[in-house]
Enquirer: 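Handing you a structure now.
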2 protein chains.
Amino acid sequence: MSIRIGIIGYGNLGKGVEIAVNAAPDMELAAVFTRRDPASLQIRSAGVPVVSVSEIEDWKDKIDVCVICGGSATDLPEQTPKYAAMFHVVDSFDTHARIPEHFANTDAAAAASGHVAVISCGWDPGMFSLARVYANAILPDGKDYTFWGKGVSQGHSDAIRRVPGVKDARQYTIPVESALEAVRSGADPELTTRQKHTRECFVVLEEGADAAAVEKQIKEMPNYFADYDTTVHFISEEELRRDHSTLPHGGIVFRTGCTGADKEHRHIIEYSLKLDSNPEFTTSVLIACARAAYKMAQEGQKGCRTMLDIPPAYLSAQSPEELRAHLL
Amino acid sequence: MSIRIGIIGYGNLGKGVEIAVNAAPDMELAAVFTRRDPASLQIRSAGVPVVSVSEIEDWKDKIDVCVICGGSATDLPEQTPKYAAMFHVVDSFDTHARIPEHFANTDAAAAASGHVAVISCGWDPGMFSLARVYANAILPDGKDYTFWGKGVSQGHSDAIRRVPGVKDARQYTIPVESALEAVRSGADPELTTRQKHTRECFVVLEEGADAAAVEKQIKEMPNYFADYDTTVHFISEEELRRDHSTLPHGGIVFRTGCTGADKEHRHIIEYSLKLDSNPEFTTSVLIACARAAYKMAQEGQKGCRTMLDIPPAYLSAQSPEELRAHLL
């Protein structure tokens with residue numbers, strides 16, 4: 001029997017989930033829920049109902065796991081606890097500092113209603129968290145490094161778009177090659193924010209805007225750019241569309257540590273992702289976590305979980321026997 | 001309260017476990033069991049008893065988890081089921097083809113006696129298995145590559161030592177750089193055995209041995225060398241001791257896959273290990289798995305497990321709250 005998936009929210013993430021569910025051997029898409037007028041929404045999957053989110057309670061018995069595809073800033077803190085009271089759910093909440101609070105709220109709702117909720121599925125938090133936790137457990141005496149990029153930071157692109165005179169913008173976060181090499185060499189470098197990443201901005205100006213003023217304002221923006229070596233390129237709207245319309249991302253998690261009676265042996269663990277599409281990779285992780293949520297629910301588990309709590313085999317469509325025979 | 005660890009077998013692996021247990025914040029070494037005369041064994045830890053393995057049953061209530069440090073060829077297939085009937089155990093069984101059989105034997109013994117056994121802990125099988133399972137679950141449409149090295153293969157070194165005229169030898173397995181680059185480029189290459197790795201041998205000859213004959217016999221050895229580009233260097237015993245006495249290893253697991261309605265987006269996952277000491281890294285994984293075995297046993301679980309069945313957080317000495325706050 002297939003796992004019946006519901007999608008809540010049909011933006012970039014929801015569309016990615018739809019594609020990933022249709023590609024999964026053990027899942028089917030049951031419904032897409034939207035805050036918009038369902039009649040206005042054209043989805044890819046033939047025969048799958050588009051339903052107003054106001055009617056979602058009617059679907060309680062027709063869906064195994066809901067994938068909540070909202071944003072972390074305002075949607076998910078409200079949506080995930082709310083829907084965890086009705087369904088087994090997964091989300092991609094990625095505001096690291098607020099995870100403990102989001103976990104507690106979701107756990108209360110899921111535990112009370114007997115559901116499983118898996119939060120913060122994706123690659124950071126998500127796969128990068130796993131890389132950090134495994135590496136820290138194995139090499140307790142060591143140092144962590146996380147680098148992001150090369151990739152598009154949507155938060156930084158949005159920040160540039162808020163600068164007066166900017167019509168559109170795309171910002172790339174780029175790890176500094178010499179910093180990567182220093183970590184790989186085992187030198188255990190202490191790295192400042194500036195030494196780890198550079199920021200490259202492609203900006204389309206409004207008609208008549210002052211380029212020098214815009215560049216200055218971007219480069220001096222606190223938190224976002226002031227602590228980095230930032231490059232600003234002014235390009236046309238056509239160039240932005242032609243050369244910068246995709247959403248690649250990725251990064252590297254390192255842990256360097258030592259073992260031995262005199263700490264004489266050094267070990268370097270490196271986990272790297274190079275992703276053509278940040279949202280599609282995130283949805284691929286979400287779908288694997290939806291599978292795990294289903295299996296945990298079948299066992300009678302309830303409450304909130306993260307990827308740190310999930311046995312890896314639960315993410316796979318293969319049986320434990322197949323995994324042991326072919327991938328172990 | 002500390003987790004009380006027993007070590008069965010005091011070779012390279014057992015010595016590594018001893019160091020790792022003493023470095024762990026939540027563990028203590030309870031005893032070392034040996035097949036040799038206990039009086040003949042000098043261990044590093046003051047005050048820890050060295051006990052004949054014939055008396056191990058007396059320790060049933062004084063040890064939480066036994067780490068079995070035998071070899072995969074003959075020791076572990078017999079030892080792990082035997083000791084899983086008395087203790088919670090972990091081992092580093094690494095004969096991939098025989099894992100299903102070893103799992104079944106150990107599961108029967110552990111389940112019947114109410115113990116938890118974690119088998120095949122280490123880096124391959126182990127961390128590399130995790131990398132493969134996670135990546136396959138997330139990118140079902142893709143290709144796997146595992147490279148080993150640069151590192152010392154003890155099996156291949158032993159095989160050379162069995163060649164008549166060879167006094168001692170050390171063999172390095174080395175991934176072919178151009179193959180790594182082809183995989184990283186996203187080209188999805190089909191790679192033969194010869195295209196993936198080369199083998200470099202450092203050989204000390206017996207007095208009067210025929211170097212050309214030895215070299216020919218090494219290079220033509222089926223399974224071990226015939227399918228590889230192999231280099232043989234003849235060196236002195238002093239050079240072998242001076243330059244080749246350590247046991248570095250490592251490798252890289254890749255998965256390349258695609259997503260998107262038209263499979264238009266490519267993703268590359270790369271997990272790499274560079275290890276100064278193969279046995280010490282393996283023991284570090286074993287110790288983390290011993291911690292997980294203890295936690296699973298506390299929950300009342302029983303039977304055989306592999307790392308694929310263990311929630312990542314169980315490997316860590318940190319609490320779930322700490323992990324969510326700092327590493328997620």
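Convention: sequence-line order gives letters A, B, ...; per-chain numbering from 1.
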Enquirer: Counting only non-hydrogen atoms closer than 4.5 Å, does B/I19 touch chain A with its backbone (N, CA, C, O), its side chain (CB onward), both, or neither?
Expert: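 Only the side chain of B/I19 comes within 4.5 Å of chain A.
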
Enquirer: Considering only heavy atoms, which portion of A/I287 lies under 4.5 Å from any heavy atom of chain B: side chain, backbone, both, or neither?
Expert: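 No part of it gets close to chain B.
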
Enquirer: Just give me the residue among A/A317, A/P125, A/P100, A/G260 that pairs up with chain B most often, heavy atom to heavy atom, under 4.5 Å.
Expert: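 Sorted descending by pairs with chain B, the first entry is A/G260.
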
Enquirer: Checking side chain to side chain contact (heavy atoms under 4.5 Å, CB included) against B/L327, which of A/D144, A/L308, A/L130 comes through?
Expert: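 For B/L327, the side chain to side chain contact (heavy atoms under 4.5 Å, CB included) check succeeds only for A/D144.
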
Enquirer: Under 3.5 Å, side chain of A/D276 to main-chain N/O of B/R266, donor-acceptor pair present?
Expert: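 Checked: pair present.
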
Enquirer: Counting only non-hydrogen atoms closer than 4.5 Å, does A/N22 touch chain B with its backbone (N, CA, C, O), its side chain (CB onward), both, or neither?
Expert: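 When you check distances to chain B, no heavy atom of A/N22 falls under 4.5 Å.
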
Enquirer: Please rank A/A288, A/G16, A/S316, A/S272 by heavy-atom pairs under 4.5 Å with chain B and give me the top one.
Expert: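 When all of A/A288, A/G16, A/S316, A/S272 are compared, A/S272 has the most.
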
Enquirer: First locate atom CZ of A/R324, then atom CD1 of B/I119, and finally report the distance between them rounded to the nearest 0.5 Å.
Expert: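 If I round to the nearest 0.5 Å, the distance is 7.5 Å.
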
Enquirer: Side chain, backbone, both or neither: which part of A/P140 has a non-hydrogen atom closer than 4.5 Å to chain B?
Expert: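 Nothing of A/P140, per the 4.5 Å heavy-atom cut-off to chain B.
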
Enquirer: Is the count of non-hydrogen atoms from other residues, nucleotides or ligands lying under 6.0 Å from A/Q42 atom CD greater than 12?
Expert: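 No, because the 6.0 Å sphere around CD of A/Q42 holds 12 heavy atoms or fewer from other groups.
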
Enquirer: Count the heavy atoms of every other residue, nucleotide or ligand shown that sit under 6.0 Å from NZ of B/K274, and state whether that count exceeds 12.
Expert: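 Counting neighbours around NZ of B/K274, more than 12 heavy atoms of other residues, nucleotides or ligands fall under 6.0 Å, so yes.
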
Enquirer: Mind checking whether B/S277 and A/H267 have side chains closer than 4.5 Å, heavy atoms only?
Expert: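 B/S277 reaches A/H267 side chain to side chain.
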
Enquirer: Taking A/V133, A/V253, A/T256, A/I252 one by one, which has the highest count of heavy-atom pairs under 4.5 Å against chain B?
Expert: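 Answer, by heavy-atom pair count under 4.5 Å with chain B: A/V133.
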
Enquirer: With only heavy atoms counted, which part of A/Y271 is less than 4.5 Å from chain B, the side chain, the backbone, both or neither?
Expert: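 Both backbone and side chain.
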
Enquirer: Just give me the residue among A/R184, A/H326, A/E321 that pairs up with chain B most often, heavy atom to heavy atom, under 4.5 Å.
Expert: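 Highest number of heavy-atom pairs under 4.5 Å: A/R184.
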
Enquirer: In terms of heavy-atom pairs under 4.5 Å, which option from B/T146, B/T283, B/L273 contacts chain A the most?
Expert: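 Ranked by heavy-atom pairs under 4.5 Å with chain A, first place is B/L273.
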
Enquirer: Of all of B/A313, B/G257, B/P320, B/P312, which one pairs up most often with chain A through heavy atoms under 4.5 Å apart?
Expert: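 The option with the most such pairs is B/P312.
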
Enquirer: Locate the shortest heavy-atom distance separating B/I310 from A/Y134; write the atom from each residue and the value.
Expert: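 Residues B/I310 and A/Y134, closest heavy atoms: O-OH, 4.3 Å.
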
Enquirer: Which heavy atom in B/M127 sits nearest to a heavy atom in A/I138, and how many Å separate them?
Expert: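 Nearest heavy atoms, B/M127 then A/I138: SD-CD1, 3.2 Å.
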
Enquirer: For the residue pair A/P311 and B/D309, what are the closest heavy atoms and their distance?
Expert: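 For A/P311 and B/D309, the tightest heavy-atom pair comes out as CB-O, 3.5 Å.
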
Enquirer: Check whether B/T306 gets within reach of chain A through its side chain, its backbone, both or neither, counting any heavy atom under 4.5 Å.
Expert: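 Only the side chain of B/T306 comes within 4.5 Å of chain A.
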
Enquirer: Donor-acceptor check, side chain of B/R132 to backbone of A/L328, threshold 3.5 angstrom: yes or no?
Expert: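 Flag set: sc B/R132 to bb A/L328 pair under 3.5 Å.
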
Enquirer: Would you say A/K263 has more than 12 foreign heavy atoms packed within less than 6.0 Å of its NZ?
Expert: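 Atom NZ in A/K263 is not crowded, with 12 or fewer foreign heavy atoms closer than 6.0 Å.
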
Enquirer: A/F128, A/F254, A/F281: which one forms the most heavy-atom pairs within less than 4.5 Å of chain B?
Expert: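 Going by pairs under 4.5 Å, I would pick A/F281.
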
Enquirer: Atom CD in A/E280, atom CD in B/E264: separation rounded to 0.5 Å?
Expert: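 The CD atom of B/E264 is 5.5 Å from CD of A/E280, to the nearest 0.5 Å.
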
Enquirer: Among B/S120, B/A131, B/A137, which residue has the highest count of heavy-atom pairs closer than 4.5 Å to chain A?
Expert: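 Of B/S120, B/A131, B/A137, B/A137 has the most heavy-atom pairs under 4.5 Å with chain A.
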
